Amino acid sequence: MKLVVFDVDGTLVDSQHMIVAAMDCAFAAIGAQPPSRQETLSIVGLSLREAMQALTGADQSTIDSLTESYKAAFFELRSDPAHNEPLYPGADHVLDQLSARDDVLLGIATGKSRRGVDRVLERFDLQGRFVTIQTADNHPSKPHPAMLFEALSESGIDAARAVMIGDTVFDMEMASAAKIPAIGVAWGYHDAAHLRPAGALHVADDYPHLLRLLDAQFNDAPGEDRT
């Protein structure tokens, strides 16, 4: 049995417009200049408080204000069709293919809140696909490996038979810390050229390419089904 753990923002769903808009609103709410789009996307993957700290280096009170303002803005923007979070092309097909296999389990490890993850799963009818869902609500921020350690524990899968799929250096560094192989994706928020140095074994150009890379990774993984 293998475990494939997916990041969410920038890997499964394209949430960049929502994230940037909510960040702009959060900074405007405290009368501060918002970060550039590139700066905002560079911290996607971190938990929210750590992201605000990385962007500003501000005191705890300011971080608290920004965090709460961001949450409020994100909640409000979700009702605006202009700020939807679509699945990346091919994501649904790959999830279908992996879910249909009797030797693969699926998981999630994300800086998103559990409420945000549940909304994504409900919107795209993905409930029940993932045997383990790890979020920022209960764990230290990426790249700390706690999310992946818990995913391995809940699924009963050894690290060598798991793989992390993500779009940021934080995902790759988290996987490395947990001794889990990692595959980066080129369509997300961090430059693909930065993913290999951070620990990615491969970088997928699109979802069909990712499926081929996973097949190769499964064939190389140790286990009782190898001869």
Side-chain angles (χ1 to χ4, degrees), residues 3-24 27 34-57 66 70 85-91 94 107-112 116-117 120 134-136 139-149 151 159-160 162-217 220:
L3 174 67
V4 182
V5 182
F6 285 89
D7 172 53
V8 177
D9 293 317
T11 300
L12 288 175
V13 298
D14 186 359
S15 52
Q16 61 180 300
H17 300 301
M18 178 91 85
I19 291 170
V20 171
M23 192 67 74
D24 288 350
F27 275 75
S36 69
R37 184 183 190 85
Q38 182 177 1
E39 288 171 331
T40 293
L41 294 182
S42 74
I43 52 79
V44 175
L46 295 176
S47 298
L48 186 53
R49 299 183 68 84
E50 285 74 12
M52 294 303 187
Q53 183 66 44
L55 283 172
T56 67
L66 283 170
Y70 180 93
E85 300 176 276
L87 284 173
Y88 282 101
V94 167
I108 283 175
T110 176
K112 216 173 183 67
V117 172
V120 169
Q134 308 303 323
T135 72
H139 295 288
S141 176
K142 297 175 184 180
H144 193 286
M147 290 188 197
L148 290 181
F149 287 151
V163 60
M164 176 70 203
I165 312 298
D167 69 302
T168 72
V169 297
F170 311 125
D171 296 315
M172 303 301 103
E173 291 168 351
M174 177 177 65
S176 294
K179 309 298 184 186
I180 290 177
I183 297 176
V185 302
W187 54 81
Y189 304 152
H190 284 192
D191 192 320
H194 297 157
L195 301 182
R196 284 184 185 273
L201 295 176
H202 310 282
V203 177
D205 297 323
D206 53 27
Y207 263 101
H209 186 202
L210 175 61
L211 193 57
R212 295 194 299 273
L213 290 172
L214 284 171
D215 283 338
Q217 183 65 30
D220 288 341

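What you see is a predicted model, and the numbers here were worked out from it, not measured in a lab. When a residue number appears, it is its place in the shown sequence, counting from 1.
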Check your understanding: After noting the C-alpha distance and the side-chain angles of Asp9 and Glu85, does the key distance pass the side chain to side chain contact (heavy atoms under 4.5 Å, CB included) rule?
Key -> CA-CA 9 Å; Asp9 293 317; Glu85 300 176 276; 3.8 Å; yes
Looking at every non-hydrogen atom in both residues, tell me the closest pair between [X] and [Y] and how far apart they are.
{"X": "Ala198", "Y": "Ser176", "result": "O-OG, 3.8 Å"}
{"X": "Val203", "Y": "Ala192", "result": "CG1-CB, 4.1 Å"}
{"X": "Gln217", "Y": "Leu201", "result": "OE1-CD1, 3.8 Å"}
{"X": "Pro34", "Y": "Asp24", "result": "CB-OD1, 3.4 Å"}
{"X": "Thr56", "Y": "Phe27", "result": "CG2-CZ, 3.5 Å"}
{"X": "Leu46", "Y": "Ala54", "result": "CD1-CB, 4.2 Å"}

Check: Do Val5 and Met147 come close enough that some side-chain heavy atom pair is under 4.5 Å?
Finding: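 SC-SC contact between Val5 and Met147 ruled out.
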Does some side-chain heavy atom of Ile165 sit less than 4.5 Å from a side-chain heavy atom of Leu210?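 With C-beta onward as the side chain, the pair touches.
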List the residues meeting ring-ring contact (aromatic ring centres under 6.0 Å, His included) with Tyr207, not counting sequence neighbours, and say none if there are none.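 Checked Tyr207 against ring-ring contact (aromatic ring centres under 6.0 Å, His included); matches are Trp187.
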Taken in chain and number order and not counting sequence neighbours, the residues that satisfy salt bridge (charged side-chain N to carboxylate O under 4.0 Å, His left out) with Arg49 are Asp64
Sorted by chain and number, sequence neighbours left out, side-chain hydrogen bond (donor to acceptor under 3.5 Å, both in side chains) with His139 holds for Gln134
[X] side chain to [Y] main-chain N or O, any donor-acceptor pair under 3.5 Å?
{"X": "His190", "Y": "Ser42", "value": "yes"}
{"X": "Tyr189", "Y": "Ser15", "value": "yes"}
{"X": "Lys142", "Y": "Ala109", "value": "yes"}
{"X": "Ser36", "Y": "Glu39", "value": "yes"}
{"X": "Asp167", "Y": "Val185", "value": "no"}

[atom2] on [Y] to [atom1] on [X], rounded to 0.5 Å:
{"X": "Ile19", "Y": "Ile43", "atom1": "CD1", "atom2": "CD1", "result": "7.5 Å"}
{"X": "Thr168", "Y": "Leu41", "atom1": "OG1", "atom2": "CG", "result": "11.5 Å"}
{"X": "Asp171", "Y": "Ile183", "atom1": "CG", "atom2": "CD1", "result": "12.5 Å"}
{"X": "Ile180", "Y": "Met164", "atom1": "CD1", "atom2": "CE", "result": "8.5 Å"}
{"X": "Gln53", "Y": "Glu50", "atom1": "CD", "atom2": "CD", "result": "8.5 Å"}

Inset, instruction - Decide yes or no on side chain to side chain contact (heavy atoms under 4.5 Å, CB included) for Arg37 and Gln16, but give the supporting numbers first. - result: CA-CA 9 Å; Arg37 184 183 190 85; Gln16 61 180 300; 3.1 Å; yes
Starting from the C-alpha separation in whole Å, work towards a yes-or-no answer on side chain to side chain contact (heavy atoms under 4.5 Å, CB included) for Leu55 and Met23.
CA-CA 11 Å; Leu55 283 172; Met23 192 67 74; 3.8 Å; yes
